[in-house]
Amino acid sequence: MAEHAISDDYLAGYGQILAEVAATGRRLTRDEVQARRHFGERAAESGHGLRALVGMHLSATRAAWPGVGTGTSADQLLAAVEQAVDAFVEGFERAQRSAVRQEEAARREFIDDLLYGRSDLGRLAERAERFGLRFSHAHAVAVAGRSASHAETGSVLRQMEQALFARFGNRRILLTTKDGRLVCIAPGDQDEVLAFFAKHAHAATDGTRVAVGRPHSGAGGVAHSYEEALNALDLADRMHLDGPLLRAADLLVYPVLTRDRQAMADLVRTTLGPLEKARGGARPLLDTLTAYFDAGCNAAQSARQLKLSVRALTYRLDRIHQLTGADPTDPLHRYTLQTAAIGARLLDWPQQEI
């Protein structure tokens with residue numbers, strides 16, 4: 001698209017400066033330099049391209065050159081041209097930096113309002129289109145765990161932006177950081193975008209986990225998906241879940257278990273409380289239960305995980321049976337013990353009193 005016409009107003013006084021410099025060899029005055037900066041700022045605010053503006057100055061210089069006289073040297077005249085153009089470019093760049101800061105402030109405000117649902121939904125939807133989101137579609141949010149290298153202008157964010165847009169182009173993806181975490185918002189039906197983000201974010205942030213919330217519709221749906229992703233990261237830490245990618249949809253059982261916290265605390269106390277009578281406290285036997293259930297009740301595999309002999313593991317399981325009255329190897333007792341062991345991890349028992 002051809003650039004719209006550039007007004008000669010941005011050259012106001014430039015020809016007179018050239019004529020006086022040619023006659024006297026003087027430098028530009030402070031007021032003249034400030035005026036050139038002002039014209040540069042105005043040109044940037046009007047959306048003109050810097051290349052065309054510099055070209056316009058050079059054309060004006062060439063046009064004025066035959067009539068500038070012989071009272072000064074070409075070096076002095078070119079030094080004045082350099083000074084004038086430099087001041088103009090300085091003003092142009094200053095206006096651009098200010099515009100970038102304003103844009104970034106607006107973007108940051110929008111992201112805060114979007115992720116925390118702090119703005120009127122109608123107004124939020126109007127602003128969303130500017131940043132590539134359409135709330136008529138469902139969106140999902142992926143969040144990478146905290147990393148010391150995360151910064152809005154840092155190399156990690158730029159690397160992720162380049163990788164995402166090189167792979168998918170303009171698919172209405174919003175990539176940002178929030179509270180030291182990388183955040184990717186994408187249409188809910190484009191799971192390949194979030195999976196790609198998760199893979200590269202995990203590699204670029206020294207192996208931090210990435211969680212993906214479920215797709216939800218509307219402006220409030222983005223905040224909901226973001227909250228699900230954060231909860232998944234927190235849950236992974238408490239449950240010591242393995243794997244670089246967590247999906248909130250795969251972890252729905254855990255919020256269900258903790259929805260009635262008091263009931264879960266009663267189950268843990270009643271079922272596992274007797275383990276505190278064991279030598280060394282409840283922790284070694286609770287770790288044994290967790291490893292045993294995580295291994296699918298395979299004694300040999302869980303013994304290897306705990307760095308025990310199978311005989312030692314069997315002794316611990318028998319000790320659990322003696323103290324609790326529930327046999328981990330008995331299918332009738334297994335569900336209660338496993339649910340209580342999961343609850344203990346969710347409630348951080350026995351480290352925390354419940």
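Smallest separation of non-hydrogen atoms from D9 and F39: O-CE2, 3.5 Å. Here the shortest heavy-atom pairing between L164 and F197 reads CD1-CD1, 4.2 Å.
No side-chain heavy atom of H139 sits less than 4.5 Å from a side-chain heavy atom of S225.
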From CA spacing to verdict: side chain to side chain contact (heavy atoms under 4.5 Å, CB included), L251, L241: CA-CA 10 Å; L251 304 175; L241 299 179; 4.0 Å; yes
Derivation of the side chain to side chain contact (heavy atoms under 4.5 Å, CB included) call for Y292 and T329: CA-CA 10 Å; Y292 183 65; T329 65; 3.5 Å; yes
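Looking at R261, R269, E353 one by one, the single match for side chain to side chain contact (heavy atoms under 4.5 Å, CB included) with L347 turns out to be R261.
Centroid-to-centroid, the aromatic rings of Y10 and H48 come within less than 6.0 Å.
Taking the six-membered ring where tryptophan is involved, the planes of H216 and H224 are essentially parallel, since the angle between them stays under 30° and well short of 60°.
A distance of 7.0 Å separates CD1 of I17 from CZ of R26, quoted to the nearest 0.5 Å. Interatomic distance, OG1 of T61 versus CG of L78, reported as 8.5 Å (0.5 Å rounding). Rounded to the nearest 0.5 Å, atoms CE (M56) and CD1 (I6) are 5.5 Å apart.
Judged as a salt bridge (charged side-chain N to carboxylate O under 4.0 Å, His left out), not a single pair has a partner in residues 311-340 (not counting sequence neighbours).
Between R36 and D86, none of the side-chain N atoms (NZ, or NE/NH1/NH2) sits under 4.0 Å from a carboxylate O, so this pair counts as no salt bridge.
Every residue two or more places apart in sequence or in another chain that forms a side-chain hydrogen bond (donor to acceptor under 3.5 Å, both in side chains) with R94 is listed here: E41.
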